[in-house]
Structures are given as C-alpha cells and as structure tokens.
Amino acid sequence: MNDLQTKAQKLGIIMPEISSEQINDQIKPVLRQMEEVGIGLNCAGLNNLADKLTIRLKELEGQIYQAVGAEFNISSPIQMAEMLFDRLKLPTTGLKRTKSGVSTAASELSKISSEHIVIALILEYRELSKLISTYLRPLPLLVDENSRLHTTYSMDTSTGRLSSSEPNLQNIPIKGTYGEDIRAAFVASPGCKLIVADYSQIELRIVACLAKDKAMIEAFGRDEDIHAQTAAAIFNINMADVTAAERRVAKAVNFGIVYGQTPYGLSQALGIEVTAAATYIKNYFDLHTGIMDYINDMISAAHTDGYVETIFGTRRYLPNINSSVRYIAEGEERMAINMPVQGTAAEILKLAMIEMSKRLELINDKRKNKGHDCPARMLLTVHDEIVLEAPVEMAEEVGKILKDTMENVIIMCVPIKVSLGIGDNWAKAK
DNA sequence: AACTAGGCT
DNA sequence: GTATAAGCCTAGTTG
C-alpha cells in the first residue's frame with residue numbers, strides 16, 4: 001500500500017488502487033469515443049428560438065436608444081459607461097471599477113436598477129444577446145449530417161477537471177427564462193432516452209471527509225439538510241426555525257468556503273454588510289472546526305511544499321505562494337484550499353466514467369444481434385454529471401447501473417449520493 | 001491581443 | 001494602499 005492509500009485510509013476512504021496518471025490514461029479513450037458519438041441537437045428548435053429572441057432584441061435596442069436619448073453600440077462597455085455615467089449621470093458610488101473605468105457588469109448595474117428604467121432594458125438585452133450569439137446561432141451550424149453535435153474534451157487544467165470546447169458543452173444555459181428551452185434542444189437518438197446522473201453536493205462531501213469535520217460528517221451521515229444545519233449555526237437558531245432566506249445565505253457560505261471566500265467576498269455575493277458576513281463566517285468555523293483546520297493545513301502545506309494534491313496524487317504547484325505581494329500569495333492560498341477538493345471530485349467522476357464504460361460494453365455485448373438501433377452509450381460529462389443514452393426499454397436499468405457505479409466507485413466517510421433523471425431531452429432528464 | 005462580459009459546474 | 005470566490009470557454013469591442 002502506498003502513501004496516498006495510507007493517507008486516504010486514515011480519512012476513512014476506501015479507493016481503488018490507481019494513480020492519477022493511470023486514471024488519466026484510462027479516461028482518454030472513453031472521452032475520444034464520447035466525442036465521436038456526439039449528442040443529438042434539435043436545430044429547428046434553436047433556430048426558432050433565435051428568431052424569436054432576435055425580434056425582442058431589436059425592440060429592446062430601440063427602447064434603450066429612446067431611454068438614453070442617443071444611439072450607441074450597446075455591446076461596447078466603454079460606450080455603455082459613457083452613456084450611463086456621463087450622459088445620464090447615474091451614481092457610481094459603490095460600483096466596482098475595471099482597468100478602464102466604472103464596471104457595467106450585470107452585478108454592478110443591478111445595484112442602480114432603481115435609478116433609471118434603462119437598466120432593466122440593458123440587462124435583458126445583454127441576456128438575449130449572450131444566448132443568441134454564443135448558443136442559438138453557432139450551435140446549429142456545428143452539427144454533422146445526422147444532426148449530432150461533437151465537442152472536444154481536454155484535460156490540461158490546473159485541477160484535473162475536464163474542459164470542453166468547439167463547442168463547449170459544459171456551459172449550456174440551464175437557468176433563466178430560456179435555459180429550459182435551450183437544454184430541451186439536446187435530444188436522445190430515436191428510440192432512446194437520455195439518462196442524466198448528478199453527484200449531489202460532491203465537493204462539500206469531499207471537504208467534509210478530507211477535513212474530518214465532525215458536524216458535517218454527522219449531518220451527511222444522517223442525510224440531513226446540510227444548508228439548514230449551516231443556517232442554524234450561523235444564525236444561532238434551531239434548525240426547525242430556519243427560513244428560506246436564511247437557508248439561501250447558508251448555502252452561499254457553504255459554497256464559498258471551498259473557495260477561501262473572505263467576509264468581503266461573501267458580503268458582495270449576498271449584498272450584505274461586511275461585518276454581518278464576518279459574523280456568519282466566524283459562526284460557521286465555530287461549528288466546523290475541522291473545516292477551519294483543513295483550510296489552515298492546506299495553506300501551510302502549500303507554503304512548505306510548494307504544491308497541494310488530491311487523494312489520487314494529482315498535484316498543483318503554487319510557485320507564488322510565498323510571494324511578498326500579499327494578494328498574489330493570498331490568491332494561491334485560495335487555490336491551495338480549493339484544488340484538492342475540486343480535483344478529487346474530478347478524479348471520482350473520471351473513475352466512475354471509466355467503470356461505467358466497462359459496464360456499458362458488457363451491457364451492449366449481451367444485447368448484440370437483438371436489432372437495437374442505438375446502443376447504451378455515454379454522451380457528455382459536466383464536472384459532476386454524466387449524460388448517457390439508452391434504448392427506451394433499457395433506460396431504467398441502465399440508469400440504476402449508472403447511479404450505482406457513481407455512488408460506489410469510491411467509499412468515503414460520508415455517503416455519496418447521485419440524483420438520476422430520464423427523459424427525451426436534457427431539460428426533461430434533469 | 002487585451003479587456004470586458006457572461007454562460008456553466 | 002490593494003485586493004478580496006475556484007475552474008473553465010466564447011463572443012464582441014478596442015487599438
């Protein structure tokens with residue numbers, strides 16, 4: 001048994017004896033096959049939506065010109081800032097600045113949305129123009145003769161995650177007014193269903209385990225509402241009394257913790273006072289002392305060794321961790337906190353894909369010569385999610401196998417949970 | 001090519 | 001005094 005195995009065992013982790021290099025070797029052919037298979041795209045659906053949104057975009061353009069009293073390039077942040085802050089004299093206090101001037105990012109403009117009706121128009125314009133120019137227009141042009149879309153996966157990331165490009169199928173819209181419509185254009189082959197399996201809070205479960213955090217391990221072990229538990233802790237109330245708003249704050253705290261978020265960052269994210277954010281974080285660490293120790297351990301390990309690593313040994317070197325420029329060093333300290341968590345999640349996903357690929361071969365071998373037009377096969381992966389397609393009559397069974405594979409490819413000190421969906425398209429299968 | 005913005009996990 | 005939440009990819013503007 002090697003060092004990593006011993007270390008993992010002390011954390012209550014039972015993992016396959018495989019190195020990060022071996023994982024990466026074995027995932028490659030799986031990815032190449034997924035790229036070749038591709039996923040069905042309903043081009044007509046996207047084109048129709050593009051046409052509809054383009055009409056709305058034109059309306060908004062006219063309304064913005066009228067509200068401002070001038071015509072300008074709405075897509076130019078420079079011209080936008082000039083119109084809002086020089087011509088209309090909207091207040092800039094409290095707004096972030098970029099290198100070139102006052103930021104016109106949506107997060108900043110929404111702070112002054114009550115100052116002028118044009119802000120709402122601009123935000124809607126930006127939303128539509130993003131969807132049209134990045135997704136609705138380009139994607140239909142990229143399909144093959146069978147109306148299938150093929151991405152390219154890369155592994156040269158700093159944490160071990162995969163990335164996807166040309167087109168990037170890991171950032172297809174899902175939120176907002178049109179997210180569902182866009183996802184619905186990603187479809188299963190005829191006679192097949194899409195099967196979507198998502199790791200539930202995988203990074204939080206990993207950090208609970210790596211940090212040996214007692215309260216969090218117990219909460220996950222009892223299958224409790226982790227965000228409600230956090231809310232109770234940071235607001236000093238009973239779990240039963242947690243409101244929806246308090247739970248939302250707690251969710252943001254849980255989310256931010258694996259990124260090394262500061263009180264300032266949390267205050268920005270939630271639109272609250274820095275002092276309030278600081279209190280929440282303090283209360284959080286009072287409950288989760290294991291998490292606090294883990295963060296400090298990772299930072300000091302990075303300072304000493306110059307790198308951090310995942311449980312399978314993927315390393316990230318942090319050459320500037322000892323920089324005398326404080327914000328440079330602090331930036332790498334946050335990377336030191338996050339990378340072992342994000343990287344371990346990536347490895348678990350890859351392991352599950354490798355194992356599932358083997359199981360799919362067995363499934364398909366068994367069904368050879370039975371006249372099925374579409375084999376059960378892996379199509380996409382999005383960081384904590386795997387998308388498959390399988391013949392309708394097999395979908396339930398394949399889904400169960402997928403869920404089982406993902407949940408048991410590694411045993412951690414907290415249960416690993418996977419949510420499963422089956423449907424004709426990517427919207428319905430979620 | 002740099003910068004700004006914004007889509008996803 | 002400066003910065004402040006990790007990791008990606010793509011599109012449009014600017015010079």
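Chain identifiers are assigned alphabetically (A, B, ...) following the order of the sequence lines, protein sequences preceding nucleic acid strands; residue numbering begins at 1 within each chain.
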dT4(C) phosphate, OP1 or OP2, under 4.0 Å from R334(A) side-chain N/O: no

Hey, does R326(A) reach any base, or is it just sugar-phosphate, or nothing, if we go heavy atoms under 4.0 Å? base

State whether R126(A) places a side-chain N or O below 4.0 Å from either non-bridging phosphate oxygen (OP1 or OP2) of dG12(C). no

Listed pairs, N/O of protein and of nucleotides 13-15 of chain C, under 3.5 Å:
from: dT13(C); atom 1: OP1; to: N73(A); atom 2: ND2; distance (Å): 2.9
from: dT13(C); atom 1: O3'; to: S76(A); atom 2: OG; distance (Å): 3.3
from: dT14(C); atom 1: OP1; to: S76(A); atom 2: OG; distance (Å): 2.6
from: dT14(C); atom 1: OP1; to: Q79(A); atom 2: NE2; distance (Å): 3.0

Report the distance from atom CD of Q261(A) to atom P of dA3(C), rounded to the nearest whole Å. 18 Å

Is any side-chain heavy atom of K7(A) closer than 4.5 Å to one of E309(A)? yes

Tell me whether the side-chain N/O atoms of T98(A) come closer than 4.0 Å to OP1 or OP2 in dT4(B). yes

Taking the P atom in each of dT4(C) and dA5(B), what is the distance between them to the nearest angstrom? 15 Å

Is S164(A) touching bases, backbone alone, or none of the nucleic acid, heavy atoms closer than 4.0 Å? sugar-phosphate

Below 3.5 Å, does any donor atom in the side chain of R161(A) face an acceptor in the base of dT9(B), or the other way round? yes

Think K130(A) has a side-chain N or O under 4.0 angstrom from the OP1 or OP2 of dG7(B)? no

Hey, does the side chain of S163(A) come within less than 4.0 Å of dG7(C)'s phosphate (OP1/OP2), counting only N and O? no

With a 3.5 Å distance limit and no angle check, can you tell me whether R183(A) reaches the backbone of I172(A) through a side-chain donor-acceptor pair? yes

Figure out the CG/P separation between L380(A) and dT9(B), and round it to whole Å. 13 Å

With heavy atoms under 4.0 Å as the rule, sort R316(A) into base, sugar-phosphate or nothing. sugar-phosphate

Which whole-number value in Å describes the distance from Y125(A) OH to dG6(B) P? 13 Å

Could you check how far CG of D156(A) sits from C1' of dC9(C), rounded to whole Å? 12 Å

If I take atom NE2 in residue H383(A) and atom P in nucleotide dA6(C), what distance separates them, rounded to the nearest angstrom? 16 Å

CD-CD1 distance between E333(A) and I295(A), expressed to the nearest 0.5 angstrom: 11.0 Å

For E166(A) and for Y259(A), find the nucleotide of DNA chain C with the closest heavy atom, then tell me which residue's nucleotide is more 5'. Y259(A)

Measure from OH on Y135(A) to P on dC8(B) and round the result to the nearest Å. 6 Å

Looking at T104(A), does any N or O in its side chain come under 4.0 Å of the phosphate oxygens OP1/OP2 on dA5(B)? yes

Sidechain-backbone polar pair: H116(A) side chain, V118(A) backbone, donor-acceptor under 3.5 Å: yes

Measure from CG on N338(A) to P on dT9(B) and round the result to the nearest Å. 16 Å

Is any side-chain heavy atom of K193(A) less than 4.5 Å from a side-chain heavy atom of D424(A)? yes

What's the CZ-C1' distance between R183(A) and dG7(B), to the nearest Å? 10 Å

Counting only side-chain heavy atoms from C-beta out, which of dT10(C), dG7(C), dT9(B) sits nearest to D384(A)? dT9(B)

Any non-hydrogen side-chain atom of I226(A) less than 4.5 Å from a side-chain atom of R205(A)? no

I'd like to know if the side chain of E355(A) and the backbone of A352(A) have a donor-acceptor N/O pair within less than 3.5 Å. no

For a quick test of reading the model: is some side-chain N or O of S158(A) closer than 4.0 Å to OP1 or OP2 of dC8(C)? yes

Is the backbone of S147(A) close enough, under 3.5 Å, to the side chain of D144(A) for a donor and an acceptor to pair up by distance? yes

Base, sugar-phosphate alone, or nothing: which one does I174(A) contact when heavy atoms must sit under 4.0 Å apart? sugar-phosphate

Under-4.0 Å side-chain N/O to phosphate OP1/OP2 contact, S103(A) with dA5(B): yes

